[in-house]
Amino acid sequence: MVLIRTELPGRVEFDYSSPMPHPTLSTCTVVFVGIIVAVLALGARAESDEKALPPVEKLPAINQLPDPFEIGPKTRLQTREHWAARRAELRDLILGYEYGRIPTETSPVSAQETGSDQDAATGAAVHQFTLKMGPGGKVSVPLVLTIPAGKGPFPIIIKGDLCWGRVKPLIVADVVKRGYILAEFDRTAVAPDKNDRSQGVYPLYPGYDWGALAAWAWGFSRVIDYVSTRDDVDRAKIIVTGHSRGGKAALLAGALDERVALTVPNGSGAGGGGCFRVQYPLTETLQAIDTRFPYWFAPQFAQFIGHVDQLPFDQHELRALVAPRALFSTDSVDDLWANPMGTQISFEASREVYQFLGVPEKIGLHYRHGKHEQNEEDFAALLDFADWQLMGKEPAQKFDALPYPNLPPAYKWAAPQSAK
Ligand code: GTR
């Protein structure tokens, strides 16, 4: 791949026009040397990255949802084989400006069982653990596994919102009856939900600019490290979910960790599944969220307050990082603060990437009425979508019904037709 210079970060990084050769014995050596050079270059890049991202005043205004296929002036991505490189660029851009950089983790995760029980209603086994994660196992994170009776391995739903209490018994019963393990962990033990970097994982990685959403996403990945070692878990069927700020974290986790088969943010809105550029009355703006919760994001995100048009990406491109893996968002039309309209638009825009990759059915959405919560109906929809996508069961409902069929368009582009 040839690196070429660009003024627009993230939009022209690689020369996508060069065909990718299929490796043969003779090209293997070249590929090996190439990998070494790339690894060294990546190291150098990690150090210079912070300087490499231009400040907001150097960024052009983009008055629509940015085109994820645009890789240079009048140049668009044409072939699927180049998506991986484009995805990596978008990931670096989104982490660099919005969530902050996340350390690569190599420390093992260990689990200490602290108690166990049996759920009388369902016969499910309930096990409590403390997970020890991070360098030296210094971060202790509570985890509760509810495991259906019977023979696994089972698909698993991981939710990070234990800080708000266990999922309601009715929902747990539905989850285990349908043959899924429920894994609930406390993301706030990974990083506190307040402006305090002296606790959780932060002190173990000085010099990283990540905010709480990125740290929570890191926590999801550490839970995956652990559950992947269990014989009762089907590693090909890992689902991450969460509500609101927990939904934003689940979406980021699913976007980054390719072990996740299905990502389900609920009511995630700003900084989650809804676009920053598409705002309706009473929805949470970039300014509102980054003023109240600056510690959820990287410090450099604040420069986009009042300059949202200069954000070189929008949340549909975070969603697109999940592709071609399954993505399903659940929301309420009454939950205006979580930007239900902007979430529909973000869904439609990110579906273009799924379309491009030939898997439009792998992205879905579900809207209900009612308050800001992840309730029985949201979980029932999650399970229906998961049954379809991961278990091959014909769905009883459709997952592409748009609650707002007449919203004005927010972007003029579409997936390139010639995708192959
Ligand atoms: C709100 C915040 C939202 C959402 C919500 C929640 O105060 O503005 O972005 O995260 O909290 O987590 O319940």
Side-chain angles (χ1 to χ4, degrees), residues 94 97-100 158-168 171 184-196 200 210-220 240-255 263-299 301-302 304-306 308 311 314-316 318-319 329-347 367-379 382:
I94 293 170
Y97 279 118
E98 184 175 1
Y99 300 104
I158 303 173
K159 179 166 155 80
D161 300 336
L162 191 56
C163 42
W164 290 332
R166 298 272 308 277
V167 162
K168 283 197 213 143
I171 297 176
E184 299 171 83
F185 76 99
D186 179 356
R187 59 185 151 74
T188 64
V190 178
D193 194 358
K194 57 184 176 191
N195 202 353
D196 177 2
W210 51 344
L213 291 171
W216 294 340
W218 177 94
F220 268 96
V240 292
T241 192
H243 171 57
S244 205
R245 65 198 72 184
K248 304 177 209 297
L251 174 55
L252 183 57
T263 301
V264 190
N266 179 79
S268 63
C275 295
F276 286 118
R277 279 176 177 78
V278 179
Q279 299 286 168
Y280 282 82
L282 303 179
T283 65
E284 184 173 31
T285 61
L286 189 155
Q287 166 155 9
I289 195 167
D290 201 47
T291 306
R292 285 177 66 215
F293 303 105
Y295 63 89
W296 285 356
F297 301 94
F301 194 47
F304 295 99
I305 292 177
V308 74
L311 192 64
D314 211 319
Q315 296 302 105
H316 62 294
L318 174 67
R319 286 165 155 269
S329 48
T330 50
D331 287 275
S332 164
V333 287
D334 300 324
D335 187 7
L336 295 180
W337 187 243
N339 198 0
M341 296 89 162
T343 300
Q344 174 183 306
I345 289 187
S346 188
F347 158 80
Y367 280 76
R368 58 165 170 80
H369 282 282
K371 62 179 187 180
H372 183 63
E373 61 178 354
Q374 188 171 19
N375 67 17
E376 292 86 335
E377 186 176 341
D378 301 310
F379 264 94
L382 179 161

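Throughout, residue positions are numbered sequentially from 1 according to the sequence presented. Order of appearance sets the numbers: ligands from 1, and atoms from 1 within every ligand.
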Taking 4.0 angstrom as the limit and counting only heavy atoms of I289, give me the atoms of ligand 1 inside it, by number and element. 9 (O)

Taking only Lys NZ, Arg NE, NH1 and NH2, and the carboxylate oxygens of Asp or Glu, determine whether R368 and D378 approach each other closer than 4.0 Å. yes

Less than 3.5 Å between some nitrogen or oxygen of W337 and one of ligand 1, yes or no? yes

Option whose closest heavy atom lies nearest to atom 7 (O) of ligand 1, chosen from H243, K248, R292, H372: R292

Taking only non-hydrogen atoms of W296 and a 4.0 Å limit, the atoms of ligand 1 in range are 9 (O), 10 (O)

Subset of ligand 1 atoms that lie under 4.0 Å from at least one heavy atom of F293: 2 (C), 7 (O), 8 (O)

Could you tell me the residue and atom name of the protein heavy atom closest to atom 13 (O) of ligand 1, and the distance to it rounded to 0.1 Å? S244 OG, 2.8 Å

So that I know where these two stand, are F304 and F276 an aromatic pair - ring centroids less than 6.0 Å apart? no

Thinking salt bridges, do D193 and R245 make one under a 4.0 Å N-O criterion? yes

In Å and rounded to the nearest 0.5 Å, what is the CZ to CG distance from R187 to L162? 10.0 Å

Atom 3 (C) of ligand 1 sits nearest the protein heavy atom E284 OE1, 3.2 Å

How far is atom 12 (O) of ligand 1 from its nearest protein heavy atom, and which residue and atom is that? R245 NE, 2.5 Å

Distance in Å, E377 CD paired with S332 OG, rounded so as to fall on 0.5 Å steps: 9.0 Å

Q374 side chain to T241 side chain, donor-acceptor N/O pair below 3.5 angstrom: yes

